[in-house]
Number of protein chains: 2
Amino acid sequence: MTEEEWTIPDVAVAVDLAVLTVRAEQLQILLVERGIEPFRGALALPGGFLASAREDIDGAAVRELAEETGLAAEDLHLEQLRTYGTPDRDPRRRVITVCYLAVVPNLPVPRAGGDADVARWVPVAEALDGPLAFDHSRIISDAVERARGKLEYTTLATAFCPAEFTVTELRRVYEIVWGEQLEPRNFHRKVTGADGFLVPTGEKTLRQGGRPAELYRRGPASLLHPALLRSRASSLEVTA
Amino acid sequence: MTEEEWTIPDVAVAVDLAVLTVRAEQLQILLVERGIEPFRGALALPGGFLASAREDIDGAAVRELAEETGLAAEDLHLEQLRTYGTPDRDPRRRVITVCYLAVVPNLPVPRAGGDADVARWVPVAEALDGPLAFDHSRIISDAVERARGKLEYTTLATAFCPAEFTVTELRRVYEIVWGEQLEPRNFHRKVTGADGFLVPTGEKTLRQGGRPAELYRRGPASLLHPALLRSRASSLEVTA
DNA sequence: CGAGTTTCCGTCAATCTGACGGATAGTGGG
DNA sequence: CCCACTATCCGTCAGATTGACGGAAACTCG
């Protein structure tokens with residue numbers, strides 16, 4: 001510990017977003033094609049450096065999300081995921097990335113931020129196959145795992161759904177994110193029984209052939225009681 | 001987005017530790033008394049800035065932990081908690097703090113780091129009452145909440161215990177961290193039944209009056225199946 | 001050897017879970 | 001108008017899990 005001559009190292013702080021949604025019966029993530037080196041042309045998570053030394057980190061995440069998707073932070077889920085700080089991430093200078101997880105419903109994708117690098121939805125399975133910039137492959141894994149876990153004991157699943165949705169739509173979210181079939185009738189019993197999870201609107205869908213489904217809105221609860229646990233096998237599959 | 005004249009802001013990155021243990025039948029946290037401004041004299045989480053621009057963030061956490069407690073990272077739990085980055089945390093310059101949660105057993109506390117500011121154990125309840133430096137009060141709340149939650153569905157509780165421990169000791173960990181009484185016989189049945197949670201050593205305690213308790217070691221599992229859920233009331237108490 | 005203490009095994013009712021039969025309420029075709 | 005067809009939703013029922021508690025086992029101490 002030599003006190004002399006030591007100065008606090010300067011670090012560049014980036015804020016990246018892992019934005020998840022369910023589209024076309026698949027779990028998808030928002031990615032951009034990088035326009036500059038390093039990793040020019042590779043797919044990467046949307047994000048960027050702090051706009052100024054005074055910008056709040058959470059605020060930067062909200063700003064990036066608006067820039068990339070046009071979505072405001074009000075009616076979507078946004079939480080900090082983790083900070084990634086291995087020294088050799090960027091050859092230019094020391095960079096650490098504070099990563100956020102966002103969960104958005106399918107429908108509203110204007111995505112006209114005015115940014116040059118257009119973001120697009122990529123199925124997670126596909127994204128994890130191909131090469132990604134930096135350590136973004138690992139970040140995506142972490143984001144998906146966080147989402148999978150939170151479906152169990154929080155009401156996060158409703159963030160994948162539009163404002164009004166049916167029990168079947170909600171079940172599809174669970175099935176797609178977990179990659180696991182769920183028994184429709186038991187699922188129905190559990191989610192309608194959980195305190196504050198769903199609020200019936202009284203409305204019904206008039207859609208396709210079949211009995212019209214009742215429409216629900218998100219309830220006030222954020223924690224799920226009782227929890228909705230996935231199968232043992234499904235939980236372990238990640239660690240492997 | 002004016003491209004001209006803009007440069008990536010320089011930020012100072014600190015790594016702070018929330019080190020939890022169970023001592024004297026209380027959940028306690030390791031704190032230091034600050035020797036310098038700002039918040040001179042106030043209690044704060046141990047931590048410091050990156051040692052160099054090349055130091056890994058996780059590595060810095062391990063280093064800090066060794067400096068403050070003398071503990072090596074091998075047989076203890078260390079995970080990233082969250083990054084705190086509000087702009088006005090430090091009047092001197094822009095600082096963001098990557099915070100780690102460590103869980104250590106009671107016994108081994110040499111805590112001879114050679115650092116001038118000696119760290120000491122403070123009961124969490126007491127720490128949250130008194131004034132703390134920066135936003136450390138909030139960080140401690142987050143750390144405790146993370147630990148409480150993880151006791152439910154991971155094997156984190158064993159990190160509070162020495163290498164060999166009894167079921168009763170393990171139960172005390174749950175009771176103290178959750179602040180909730182548990183039924184001893186049902187607890188025994190559950191933890192001994194959970195796959196890979198506990199491995200019997202065959203040894204028994206010879207201690208105090210009463211039937212000798214069997215000794216266990218940590219099992220290979222990190223996820224708890226089936227989970228050990230706290231009561232509804234206990235879970236909600238945090239949100240309030 | 002008995003009282004005290006702590007660990008651990010067993011029981012039993014209430015609850016929860018998974019699996020499934022079948023009624024309900026729409027659509028579209030003849 | 002009646003009959004498939006489809007999808008939602010309600011009910012049942014056996015098996016597993018949970019919470020609550022009685023009581024035996026295994027030690028110490030006096």
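Naming: A, B, ... by sequence-line order, numbering from 1 per chain.
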In whole Å, what is the span from the [atom1] atom of [X] to the [atom2] atom of [N]?
X: A:K204; N: D:dT6; atom1: NZ; atom2: P; answer: 22 Å
X: B:E214; N: D:dC27; atom1: CD; atom2: C1'; answer: 14 Å
X: B:R232; N: C:dC16; atom1: CZ; atom2: P; answer: 12 Å
X: A:E180; N: C:dG18; atom1: CD; atom2: P; answer: 10 Å
X: A:R230; N: C:dT17; atom1: CZ; atom2: P; answer: 17 Å
X: B:Q181; N: D:dC21; atom1: CD; atom2: P; answer: 14 Å
X: A:F187; N: D:dC9; atom1: CZ; atom2: C1'; answer: 14 Å
X: B:L198; N: C:dC8; atom1: CG; atom2: P; answer: 11 Å

Q: Consider the side chain of B:R185, meaning its heavy atoms from C-beta on, and name the nucleotide among D:dT8, C:dG10, C:dC20 that approaches it most closely.
A: C:dG10

Q. Of the nucleotides C:dT17, D:dA20, D:dC9, which one has an atom closest to the side chain of A:R189?
A. C:dT17

(Q) Heavy-atom nearest nucleotide on DNA chain D for A:T166 versus A:N186: which residue maps closer to 5'? (A)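 In this pair, the answer is A:T166.
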
**Q.** N/O (side chain, B:K190) to phosphate O (OP1/OP2, D:dT17) under 4.0 Å
**A.**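 So the side-chain polar atoms of B:K190 never come under 4.0 Å of the phosphate oxygens OP1 or OP2 of D:dT17.
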
**Q.** Pair A:F165 + A:Y216: ring centers closer than 6.0 Å
**A.** no

Q) With a 4.0 Å cut-off on heavy atoms, is A:T168 in touch with a base, just the backbone sugar-phosphate, or nothing at all? A) sugar-phosphate

Q) Picking from B:H188, B:R189, B:E183, what satisfies side-chain contact (heavy atoms from CB on, under 4.5 Å) with B:R185? A)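 Going through B:H188, B:R189, B:E183 one by one, the side-chain contact (heavy atoms from CB on, under 4.5 Å) with B:R185 is satisfied by B:E183 alone.
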
**Q.** Base C:dT6 paired with B:R211 side chain (donor-acceptor, <3.5 Å)
**A.** no

**Q.** Whichever of A:P212 and B:H188 has its nearest DNA chain C nucleotide further upstream toward 5'
**A.**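 Whichever sits nearer the 5' end wins; that is B:H188.
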
Q.
Could you check whether any side-chain heavy atom of A:P184 comes within less than 4.5 Å of a side-chain heavy atom of A:R171, counting everything from C-beta outward?
A.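 SC-SC contact between A:P184 and A:R171 confirmed.
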
Q. Would you say the side-chain atoms of A:T166 and A:E214 include a donor-acceptor pair closer than 3.5 Å?
A. no

Q.
Could you report the tightest heavy-atom contact between B:V199 and B:P220, atom names first, then the distance?
A. CG2-CD, 4.3 Å

